[in-house]
Each structure stands twice: as structure tokens, then as C-alpha cells.
Amino acid sequence: MTKNHGDNIQPETRGDIPDSHPSGSSAKLALLTGGGRGIGRGILRTLSARGWNIVFTGRNRREDCERLCQEMHDEFGNDVQYISSDVADLNASEALVQTILDRYGQINALVNNAGVAPPVRRDILEMTPDSFDYVMGINLRGPFFLTQRVANYFLKQTESGGYVAGIVNIGSISATVASISRGEYCFSKAGVAMMTRLFASRLAAHGIPVYEIRPGIVHSEMTAVVREKYDRLIADGLTLQPRWGEPEDVGKAVAMLLNGDLAYSTGQVIYVDGGMHVERL
């Protein structure tokens with residue numbers, strides 16, 4: 001890949017990855033946003049183990065992502081590329097998609113995982129416009145327009161008989177569970193839930209499935225700051241299964257969906273929350 005599609009596109013290349021894959025290649029290619037750490041890294045690892053070639057994005061340190069690409073290739077033999085790209089930057093997303101198509105000739109799946117918490121947890125009565133815009137830009141506005149762009153490409157693929165595995169959005173239990181100290185995040189994930197329904201409704205007739213995975217309490221950098229709190233809540237029965245979720249738990253669900261194991265379930269929410277959402281007396 002080259003850096004000729006925008007300043008925010010900074011591909012990480014390795015000498016053992018070919019310059020291009022021919023259009024129509026049997027190798028499956030997934031675009032994964034926010035794949036460098038946390039849940040994204042669990043998805044990256046699981047899809048790599050299942051034979052997917054992957055381009056993942058993020059704003060991580062270049063050296064760390066180069067190392068991760070090499071680790072995945074050495075362990076699983078698949079092609080993994082990192083592109084430094086901010087999903088909130090719509091111009092960068094346009095360049096991202098075009099760069100991947102120029103390089104690989106195809107995209108078969110989109111996994112919208114990139115997301116952030118508010119920089120400072122504040123009561124909703126003290127939420128600032130800047131914090132609201134920051135979280136919504138990365139968690140909802142950016143993913144929506146990236147999905148719009150990829151969905152239009154997918155429609156062309158299906159019209160010509162190309163293979164499309166689908167779209168998976170990583171939501172959160174915060175779509176329905178109120179947390180007044182991070183309302184921005186709750187708003188954004190509620191929006192992701194509706195985004196999933198909208199794209200599922202629009203694309204179903206073309207054989208393109210769209211799903212939402214709704215994780216619960218999962219080990220990640222985002223939840224590290226509240227680990228003691230959730231340790232106590234889990235010990236007190238917050239979840240039916242008395243443990244934290246792991247990034248690979250989410251990764252396995254993504255792999256299942258992209259493998260077509262729930263092909264007649266477009267628009268559905270898959271909970272990966274240890275039973276947290278089950279109502280109990």
C-alpha cells in the first residue's frame with residue numbers, strides 16, 4: 001500500500017505480504033476498526049485463526065501494530081495489515097476503503113469495533129458539548145459513514161456475484177443500561193443499535209447480513225479504570241456467569257457471524273455478557 005490517499009493513511013507494510021491480491025481472490029478480507037488492543041485485538045486474533053486476511057485500523061503506536069501484524073502472520077499464516085486511520089475523520093475513511101481496494105481488490109466483511117469512552121466521567125448534568133461530540137464522532141458518526149461507504153461497495157459486489165460475509169457492529173450493554181457518569185457513551189451505543197437495524201433493513205434483500213454484538217463487562221483498557229468496581233459487582237451476582245468477559249469471547253461471536261452460522265438472523269443482537277441482561281427476581 002502507498003500513502004497517496006490522504007495524510008491520515010499510514011499503512012504498515014511487511015516484505016512478506018504481496019503488493020496486491022487479484023480481484024476475485026478466494027482469500028477473505030475483513031476490515032476491522034480499532035483492532036490494536038482490547039476487544040479489537042481479541043477479534044483480530046480470532047479472525048486470524050479462522051483464516052481471514054485482515055486490515056485493521058486505529059491510532060496505536062506504529063511499532064506495536066507492526067509487531068502485532070508479524071505475530072498474527074507467524075502464528076496463523078494470514079496477511080495482516082495496519083493502517084493508522086481515525087474513524088471520526090470521514091475523509092480518512094474514504095481514503096481507507098480506496099486504499100484497501102487498490103491493494104487487495106476486495107473487502108468481504110466490515111467489523112465496526114473502534115470506540116472510546118468520554119475522556120472524563122461526568123454526571124449528565126455536567127456533560128460538555130466537546131465531550132459529547134468527541135464520543136459520538138468516533139462511536140457513531142464515523143462508523144455510520146464508513147458503513148455507508150462499504151455497504152455501497154458491497155451492493156456492487158453482490159450484483160456482480162461477488163462474495164460478501166456481512167457487517168458486524170460492536171455495541172454495548174450501555175445501549176440500554178443507563179450510566180449517568182458516561183451518558184455520551186450510552187447515547188452512542190444506543191445509536192449503534194439503531195444503525196444496525198437500519199442497515200440490516202436496507203441490505204437484507206441483497207443477501208448482506210448486518211448484526212450487532214453487545215458485550216458486557218469485558219477486560220480491556222477502557223474497563224481497567226473501574227476494575228475494582230466491577231470485581232465487586234460480579235462477585236455480588238451482576239452476571240449469571242461469575243467472571244469477566246475476555247476479548248476473545250467477543251472475537252468468537254464475530255467469527256461465528258462472519259462464517260454464516262446465523263445466516264437467517266440479520267439485524268439481531270448477540271449478547272456476549274455472561275447473562276447480565278437476563279432479568280431476575
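FYI, the numbering just counts along the sequence from 1. Reckoned from all heavy atoms, side chains included, excluding hydrogens, waters and symmetry mates.
A distance-only check finds no donor-acceptor pair linking the side chain of Asn259 to the backbone of Asp261 [under 3.5 Å]. Using a distance-only test at 3.5 Å, with no hydrogens or angles considered, no donor-acceptor pair links the side chain of Tyr134 to the main chain of Pro119. Side-chain N or O atoms of Lys189 include one that pairs as donor or acceptor with a backbone N or O of Ile170 at under 3.5 Å. In terms of modelled atom types and a separation under 3.5 Å, the side chain of Thr33 and the main chain of Asn112 share no donor-acceptor contact.
For the pair Leu68 and Val80, the minimum side-chain heavy-atom distance is 4.5 Å or more. Looking at Leu257 and Ile213, their side chains come closer than 4.5 Å, going by heavy atoms from C-beta outward. Glu71 places none of its side-chain heavy atoms less than 4.5 Å from the side chain of Phe76. Inter-residue side-chain proximity for Arg103 and Gln81 is flagged as met; some heavy-atom pair is nearer than 4.5 Å.
A salt bridge links Arg243 to Asp249: one of the charged nitrogens lies within less than 4.0 Å of a carboxylate oxygen.
Put simply, Phe199 and Met194 are part of two different groups of oily side chains (I, L, V, M, F, W, Y) that touch within less than 4.5 Å, one to the next. Leu262 and Tyr163 fall into different hydrophobic clusters, where Ile, Leu, Val, Met, Phe, Trp and Tyr residues are linked whenever their side-chain heavy atoms come under 4.5 Å apart, directly or through other members. Residues Leu233 and Ile173 are members of one and the same hydrophobic cluster, defined by side-chain heavy-atom contacts under 4.5 angstrom among Ile, Leu, Val, Met, Phe, Trp and Tyr. Follow the hydrophobic side-chain contacts under 4.5 Å out from Val272 and you never reach Leu240; the two are in separate clusters. Hydrophobic clustering of Ile, Leu, Val, Met, Phe, Trp and Tyr side chains at less than 4.5 Å, counting indirect connections, keeps Leu198 apart from Val192.
Listed here is the closest heavy atom pair of Gly115 and Ile138: CA-CG2, 4.1 Å. The shortest non-hydrogen separation linking Ile107 to Phe154 is O-CE2, 3.2 Å. Across all their heavy atoms, Arg280 and Gly237 have their closest contact at NH1-O, 3.1 Å. Ser174 and Arg182 make their closest contact through OG-NH2, 3.0 Å (heavy atoms, listed as atom of the first residue, atom of the second, distance). Between Ala204 and Thr266, the shortest heavy-atom contact is CB-CG2, 4.3 Å.
Looking at residues two or more places apart in sequence or on another chain, you find no side-chain hydrogen bond (donor to acceptor under 3.5 Å, both in side chains) involving Gln268.
Connectivity analysis of hydrophobic side chains (ILVMFWY, heavy atoms under 4.5 Å, direct or indirect) links Val269 to Tyr271.
The number of heavy-atom neighbours closer than 6.0 Å to CZ of Arg121, taken from other residues, nucleotides and ligands shown, is above 12. By the 6.0 Å contact criterion, CD on Glu228 is open, its count of non-hydrogen atoms from other residues, nucleotides or ligands being 12 or less.
Taking the six-membered ring where the residue is Trp, Phe132 and Phe187 present perpendicular rings, their angle passing 60° and hence far from 30°.
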(message) Determine whether Gln148 and Asn152 satisfy the following criterion, side-chain hydrogen bond (donor to acceptor under 3.5 Å, both in side chains), listing intermediate values before the conclusion.
(response) CA-CA 6 Å; Gln148 181 190 71; Asn152 278 302; 5.3 Å; no
